[in-house]
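To start, the structure itself, in structure tokens.
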2 protein chains.
Amino acid sequence: MATTPPLDSYDRQLLALVQDDCRLSQAELGARVHLSAAAVNRRLKRLSDDGVIERFSAQVRPDALGYPLTIVVEVQVENERIDLLDAVTQSFLRCPFVQQCYYVAGECDFVLIFAVRDMDHYTALTRELFYDSHNVKRFKTLVTMGRLKTGMQVPVAES
Amino acid sequence: MATTPPLDSYDRQLLALVQDDCRLSQAELGARVHLSAAAVNRRLKRLSDDGVIERFSAQVRPDALGYPLTIVVEVQVENERIDLLDAVTQSFLRCPFVQQCYYVAGECDFVLIFAVRDMDHYTALTRELFYDSHNVKRFKTLVTMGRLKTGMQVPVAES
DNA sequence: CGTGAAAATGGGATTAA
DNA sequence: TTAATCCCATTTTCACG
């Protein structure tokens with residue numbers, strides 16, 4: 001899973017298409033990039049085996065499942081000792097309402113993105129994840145009023 | 001596409017599975033949730049017709065495509081007049097390196113998440129998107145050192 | 001990489017409950 | 001009405017050229 005894949009133009013075209021709709025048939029993909037279905041199959045298999053494609057997933061609208069509120073949070077920890085850092089990290093990752101978690105350099109240490117039912121729900125989670133942890137110095141809550149762009153569409157320019 | 005879908009337990013189970021891997025065959029899904037393949041087919045169709053499932057997509061590792069650096073940015077605008085706000089919004093959404101864009105309440109106005117080649121690349125984008133816009137008062141850059149969780153896995157608890 | 005055949009899957013119609 | 005069974009068109013996938 002290390003170094004091998006120098007993606008060629010076909011790979012990039014396929015990735016662009018498949019990022020947008022991974023249900024296109026391999027024949028259809030082949031037609032669009034001028035390749036046989038078999039070739040498309042082989043490339044797609046290689047791309048997912050190599051981990052270039054992390055996974056094929058259905059993207060669900062969170063509000064359809066009862067989580068209409070997206071909240072961005074900056075978290076600063078008290079103590080950056082590795083084991084303590086690891087403990088908070090794990091508690092964030094375990095929480096199903098933490099949709100994304102980034103470890104960042106600078107004054108704050110984490111950026112989290114929550115999908116929650118409502119403010120009460122979020123408040124309960126802050127208690128659980130921040131106050132009870134005893135290693136969160138401060139956190140800053142940014143309530144979103146619009147998820148303007150959420151796709152993970154990665155640009156596929158030439159190398 | 002409005003109100004109809006009271007998701008039952010089967011729907012939620014299917015969504016949980018399909019969020020993680022939308023290439024599971026309908027037979028396989030049926031086996032896991034104790035439903036026939038045909039029933040799975042109908043439910044999945046309804047869920048995507050209703051917009052509960054936004055789309056089926058392949059998630060690509062950005063660094064495989066040459067964008068190893070993830071950067072979170074808080075942006076505060078100068079003037080919140082609706083047309084000016086709309087102009088900056090559009091410029092953010094048009095930028096392919098802006099992977100996510102949230103409109104937030106409070107002191108700052110937007111949170112952006114970039115996928116870029118390196119710091120030079122990011123610097124060039126800040127010039128283009130922030131300095132040249134004349135409506136960005138200030139922005140705060142948070143350089144990430146780890147994308148610890150990026151999935152949009154929506155929890156599927158009972159209603 | 002492309003071709004073609006074999007295997008698997010998708011998705012509709014029909015029947016049963 | 002909803003699910004299970006069957007059936008055929010489509011798709012995937014493999015061996016070979």
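Per chain, numbering begins at 1; letters A, B, ... match sequence-line order.
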Specify the separation, in whole Å, of atom CG of B:Asp49 and atom P of C:dG11.
-> 11 Å

Nearest-angstrom distance from the residue atom CG of B:Leu24 to P of D:dT11 | 20 Å

With a non-hydrogen cut-off below 4.0 angstrom, is A:Arg23 in contact with a base, only sugar-phosphate, or nothing?
-> nothing

Could you give the NZ-to-P distance, from B:Lys45 to D:dT2, as a whole number of Å?
-> 16 Å

Classify the nucleic acid contact of B:Ser36 as base, sugar-phosphate or nothing, counting any heavy atom under 4.0 Å across all strands shown.
-> base

For the rings on B:Phe110 and B:Tyr102, is their centre-to-centre separation under 6.0 Å?
-> no

Would you say C:dT9 has OP1 or OP2 under 4.0 Å from some side-chain N or O of B:Gln26?
-> no

Here the distance between atom C1' of D:dT1 and atom CG of B:Asp8, to the nearest Å, is 14 Å

Once the angle between the rings of A:Phe139 and A:Tyr131 is folded into 0 to 90°, is it parallel (under 30°), tilted (30 to 60°) or perpendicular (over 60°)?
-> perpendicular

Once you round it to whole Å, what is the distance between P of D:dT2 and CG of B:Leu44?
-> 17 Å

Considering just the side-chain nitrogens and oxygens of A:Asn41, establish if one lies under 4.0 Å of OP1 or OP2 belonging to D:dT12.
-> no

Would you mind reading off the distance between A:Asp11 atom CG and C:dC1 atom C1', rounded to a whole angstrom?
-> 13 Å

Is A:Asp8 reaching over with its side chain to a backbone N or O of A:Tyr10, donor-acceptor style, under 3.5 angstrom?
-> yes

Are B:Glu107 and B:Lys137 close enough for a salt bridge, meaning some N to O gap below 4.0 Å?
-> no

Atom pair distance, as rounded to whole Å: CD in B:Glu28 and P in C:dG10 | 11 Å

For the side chain of B:Arg42 and the base of C:dG12, is some donor closer than 3.5 Å to an acceptor across the two?
-> no

Nucleotide of C:dG10, C:dG4, D:dT12 approaching A:Ala38 most closely (side-chain heavy atoms) = C:dG4

